Amino acid sequence: MAKKPTNLIYGVDEKPPVWLTLFMGFQHICIYAVTFSFPVLIVREMGGTTEQASFMISMSMIAGGIGAIAMALPKIGSGYLCPPVCSPTNFAAAMVASKTGGLPLIYGMTFISGVAEALFSKIIQRLRVIFPPEVTGLIVAMVGITVIRVASLNFLGLDRFNKVIEPSGLIVSISTLFLMIALNIWSKGKLKLFCLLIGIVFGYILSYALGLFSDGDLSKVSNASFFWFPFINHPGWSFNISLVIPYIIVMICSALKTMGDVTTCQKINDSEWKRPDMKNISKGVFADAISDMASGLLGGAGQSSSSSNVGLSIATGTTSRVVGYAAGGFLIGLAFIPKISSLFAIIPKPVIGATLVFVISFMILAGLQIIMSRMIDARKTFVIGVSFIFGLSIDILPDAFADSHPWLKPVFTSSLATATVLAILLNLIFRIGIAKKVRLELAPGTDSSQKIYSFMEENGRAWGARAEVIYKAIAVVNEFFEAAIENKLTKEPIDVGVSFDEFHLDVDIHYKGNLIELPSVRPDPHLLLTEEGAPLRLSGFLIRSYADKVTTEKKDGDSYIRINFIH
Amino acid sequence: MDIHVKKEAKELIVSIIGRLDAVSVGEFDKEMDGQIKKGESNFILDLSRLDYISSAGLRSILSTSKRLKVNKGTITLCGLHGGVKEVFDISGFSSIFTIYESLENALKSVN
């Protein structure tokens with residue numbers, strides 16, 4: 001049972017008041033508007049019409065709405081507030097498809113990608129061994145880092161046509177970001193809950209005052225109709241077998257991103273979070289697949305879970321799944337009201353930039369926290385470090401990978417995908433040589449507690465164990481060793497075997513001599529200095545208290561103690 | 001283990017850094033003995049940088065406390081955290097000592 005962290009105002013299972021839920025849902029779809037640029041770009045690059053772009057945006061909204069609701073439903077999806085949005089990962093594959101078969105092929109292949117992701121979701125929970133916390137933490141951090149380039153370009157108002165930073169744009173981005181952060185840090189109650197929405201509205205007003213909206217932008221809103229029924233514009237579907245592999249790669253990238261986002265949701269909703277829940281992640285990836293399949297069928301852009309929305313839920317302290325239902329409902333409803341969706345579509349670049357900088361800060365930090373939740377040795381340092389470096393090189397040196405095979409473009413155009421693939425491979429390679437069972441021999445009168453600390457810490461780091469469990473095991477072995485020497489339980493060497501898997505840490509102590517008593521009742525601390533045997537009973541009591549389970553056995557002069565820790 | 005000692009008004013602040021176990025209790029006892037012999041009677045043990053304490057360490061602190069009581073002295077603890085705090089709670093030592101969250105709070109209370 002997850003324990004709600006104290007920094008959350010509304011946890012995943014809680015229901016805020018209806019009006020608050022609706023406002024929070026609306027705030028979440030403001031972030032969705034940031035991703036409208038992807039379907040617009042796809043249609044623009046293939047020389048399509050404004051109607052085709054509007055159709056694709058509307059269908060993406062409906063698919064996103066279905067995905068948001070599916071994701072929030074615990075029986076279908078992960079049960080978290082983690083809505084899917086139009087994904088930039090699909091862009092390269094969609095461009096290849098558009099050149100071969102236009103929009104029908106994009107839609108057909110997006111549907112195939114969704115089906116493949118649904119199948120992939122069913123096996124992902126068996127892949128726990130390739131996704132230890134340091135790898136999933138890296139994915140979460142990279143999910144945020146991968147957005148930095150887009151965030152920075154928008155924040156500074158730059159693109160391939162505008163190479164100069166405009167002071168008016170910079171004023172909007174800095175003041176919008178400052179307002180969001182100030183409301184988040186220094187305000188309480190509703191202002192904190194709606195810090196992003198207030199910031200966006202402020203950004204729109206300031207952009208209008210400083211003349212950042214062109215006449216074309218404003219006419220788009222004024223000319224947009226109040227209601228339309230977009231389905232009649234569907235161009236149909238087509239399929240191409242040669243595009244299956246690039247779309248499978250896109251699907252894996254999308255699934256990994258969802259994995260990172262759902263892991264973050266698990267962590268932020270449970271103050272006692274220990275490791276990714278792969279079964280729950282599998283359901284999250286399935287919800288993502290539903291969104292992709294819906295997008296393919298309806299005629300939208302490829303979808304993937306939104307790290308920005310997860311960042312927003314951390315910022316506002318509201319992770320309630322009913323907000324996910326509200327956001328989904330809004331998305332579906334607004335797809336039929338172009339007047340309002342067009343208002344989102346003209347969101348000024350500096351406001352997009354400020355919004356992204358605000359939300360990805362939380363994602364990057366969440367990823368680093370997951371990585372540091374485990375002990376790190378040289379192997380893991382290289383898994384994380386090398387993957388980070390080469391992943392970031394994709395964003396820093398985009399031209400270096402420009403000639404990669406079209407199939408591999410989804411990997412080599414995404415710092416997230418490159419870092420993840422590298423981390424998985426390096427983790428598997430560096431696992432070679434790590435023993436799951438290790439032994440330590442302790443000689444009373446010769447060895448000191450330092451030997452126990454060094455041995456346990458070294459192996460704990462190699463296993464990537466949680467530090468607090470390793471320190472409990474250290475405390476148990478050391479307490480026993482001190483008691484054995486002081487009370488002369490044995491003069492022979494003490495054999496300590498330690499075995500680890502992700503869920504358990506077992507310590508087996510074997511020696512020739514008297515079995516230590518492990519009382520379940522605490523000895524009176526006042527009697528420790530006066531009553532004979534009290535110190536030994538305290539040692540035994542501490543050993544029993546540290547352990548989650550302990551058993552003892554005496555056989556033919558040999559004593560055995562088996563201590564189990566839940567990891 | 002390292003021990004840092006600092007005098008503040010009537011209080012002697014003793015900061016224990018590292019691990020207090022059977023290996024290091026000898027050094028701790030020697031330091032406490034020396035300070036008591038010098039006439040110090042009001043101790044604040046700052047455990048904020050203590051990583052681990054075994055039952056041998058607990059007994060050593062208890063023994064120091066008993067010796068101080070004879071001279072009407074006091075021993076106050078502060079800065080317990082993580083595993084160290086857990087040991088004090090499990091063993092029942094939390095209920096027999098006056099414990100403050102931080103050194104600042106401990107100093108405020110004695111002044």
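Quantities reported herein were computed from a predicted structural model and do not represent experimental measurements. No hydrogens, no waters, no symmetry mates; every other heavy atom, side chains included, goes into these values. Lettering follows sequence order; numbering is per chain, from 1.
- Crowding of B:Glu101 atom CD: a count of heavy atoms from other residues, nucleotides or ligands under 6.0 Å not exceeding 12.
- Atoms CZ and OG, on A:Phe541 and B:Ser55 in that order, are 12.0 Å from each other to the nearest 0.5 Å.
- Only the side chain of B:Ile96 comes within less than 4.5 Å of a heavy atom in chain A; its backbone stays farther off.
- The environment of B:Lys69 atom NZ is sparse: at most 12 non-hydrogen atoms of other residues, nucleotides or ligands sit within 6.0 angstrom.
- One finds the CD1 atom of B:Ile90 at 13.0 Å from the CZ atom of A:Arg544 (value rounded to the nearest 0.5 Å).
- Of the listed residues (A:Ser539, A:Pro535, A:Pro523), the greatest number of heavy-atom pairs within a distance under 4.5 Å of chain B belongs to A:Pro535.
- In terms of heavy-atom pairs under 4.5 Å with chain A, the best-connected choice from B:Leu62, B:Val23, B:Val87, B:Asp51 is B:Leu62.
- From A:Leu538, atom CG reaches atom CG of B:Leu58 across 6.5 Å, with rounding to the nearest 0.5 Å.
- Within a 6.0 Å sphere centred on NZ of A:Lys555, other residues, nucleotides and ligands contribute 12 heavy atoms or fewer.
- Rounding to the nearest 0.5 Å gives a distance of 7.0 Å between OG1 of A:Thr530 and NZ of B:Lys66.
- Contact count against chain A (heavy-atom pairs under 4.5 Å) is highest for B:Gly92 among B:Gly82, B:Ser95, B:Gly92.
- Within a 6.0 Å sphere centred on NZ of A:Lys554, heavy atoms belonging to other residues, nucleotides or ligands number more than 12.
- Between the CD1 atom of A:Ile474 and the OG atom of B:Ser54 there is a distance of 13.0 Å, given to the nearest 0.5 Å.
- Within a 6.0 Å radius of NZ in B:Lys85, no more than 12 heavy atoms belonging to other residues, nucleotides or ligands are found.
- Within residues 478-488 of chain A, the residues approaching chain B closer than 4.5 Å by heavy atoms are, in numerical order, A:Asn478, A:Glu479, A:Glu482, A:Glu486.
- Taking CZ from B:Arg19 and OH from A:Tyr453, the interatomic distance works out to 4.5 Å, rounded to the nearest 0.5 Å.
- Interface residues of residues 457-470 of chain A toward chain B, defined by a heavy-atom distance below 4.5 Å: none.
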